[in-house]
Each structure stands twice: as C-alpha cells, then as structure tokens.
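Read through the structure below, which is laid out as structure tokens, and then see the notes.
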Amino acid sequence: MTTKAVFDPRPHHVGNVHSHTAAAYLVPLGRLFFVTIFLMSAPMHFKPEMIEHARQAGVPLANIAVPLSGVIAGLGGLSILLGYKARIGAWLLVLFLVPVTLMMHKFWGIADPQMAMMQRVMFMKNVSMFGAALMLTFMGSGPFSIDSRR
C-alpha cells in the first residue's frame, strides 16, 4: 500500500470563516527558492571556465559532462518551478547532484584547512538539496502547479 501526499489549495471553511492553507502559498514559493540555484547556475555550465574547473577537479570528459549537467539542472529546475512533471524534474536534480557533489566537492582530499572547510560547506549544501529533491520525488509539485491542474 502506498501513501500519496495531497495538497488542497482550495479555501477551507472553519466555522463561518474562509481560510487558505499555508501550503497553498508556501509550497510554490518553496519550489521557487529551491530551484533558483539550479536555474541561475545552469548557464554557467556552458562557459569554458566552468568546463576547465571541472577538468582540473578530475571530471572525465568535462567538455561533454559539464554542459550536459547544465541541461539536466536547467530542465529539472524548470520542471519543479512550473510544477510540470515535477517528480521527473526532481529525479533530474538527483541525477545532477550526486556526481557533482562527489566530483566537485571532495573536501576530504584537500590539505588546506580553509579550502577543505569551504568544500565541506558546499558538499553539505548539496546534500541538503539532494534531500529536498528526494522529498519532491515522492510528494510532487503541490498546489499552483501544472501537475495539480491535470
């Protein structure tokens, strides 16, 4: 038996008072805040400097992998923002985050303590985004989304 989270953005009656659920407004705002980093960084993945940075970090086939990761991040971010096939979009972000986190933020192999600390912070930021993306794969886009209108 599976359980599916249901969000109902319609007004609810509490006695004689109409109230809207907080989720009806907070969930789409949360989707926007969550994907902003992916949508803003995706175009950077087509710049030679980003490709070279990844190559120096040991990313194999960086000239292909980095632009491809930009496409994946951009599509996943747009999917979640619009709430169109958001579960698939979340899986795209998982597909993006796992290799990027492991390849680009290897804090455990950095001798300089300050650089290691910075990469640890970036690693943990990605882990938290990975967790949010996993939740979206289960919960979907919620209210005010294309998915909820179908």
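Along the sequence shown, the residues carry numbers beginning at 1.
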Closest non-hydrogen atom pair between His45 and Ser69, with its separation: ND1-OG, 2.9 Å
Exceeds 12 heavy-atom contacts within 6.0 angstrom, atom CD1 of Ile37: no
Student check: side-chain heavy atoms of Met103 and Pro60 closer than 4.5 Å: yes
Interatomic spacing from CE in Met129 to OG1 in Thr101 - rounded to 0.5 Å: 6.5 Å
For Ala73 against Leu93, the heavy-atom pair lying closest together: O-CD2, 3.7 Å
Atom of Phe107, atom of Ala116 and distance for their closest heavy-atom approach: CB-O, 3.4 Å
Min side-chain heavy-atom separation Val98-Phe130 under 4.5 Å: yes
Separation of Lys85 NZ from Leu78 CG (nearest 0.5 Å): 15.5 Å
Closest non-hydrogen atom pair, Leu92 against Ile72: O-CG2, 3.1 Å
Within 6.0 Å of NZ in Lys125, more than 12 heavy atoms from elsewhere: yes
4.5 Å side-chain heavy-atom contact, Leu97 and Phe38: yes
Shortest non-hydrogen separation from Ala133 to Phe34 and the atoms involved: N-CZ, 3.9 Å
Pairwise side-chain contact, Met104 with His53, heavy-atom cut-off 4.5 Å (strictly under): yes
Given Val127, Val121, Asn126, the one that forms side-chain contact (heavy atoms from CB on, under 4.5 Å) with His105: Asn126
Under the side-chain contact (heavy atoms from CB on, under 4.5 Å) test, residues paired with Ser145 that sit two or more places apart: Arg31, Ser141, Asp147, Ser148
Closest heavy-atom pair and its distance - Leu136, Arg87: O-CG, 3.6 Å
Ring geometry between Phe123 and Trp108 (parallel below 30°, tilted from 30 to 60°, perpendicular above 60°): perpendicular
Under 3.5 Å: donor-acceptor pair, side chain of Thr137, backbone of Ala90: no
Candidate pair Val94 and Trp91, rule side chain to side chain contact (heavy atoms under 4.5 Å, CB included), full reasoning: CA-CA 5 Å; Val94 167; Trp91 280 116; 4.1 Å; yes
Thr36 side chain vs Leu32 backbone, donor-acceptor pair below 3.5 Å: yes
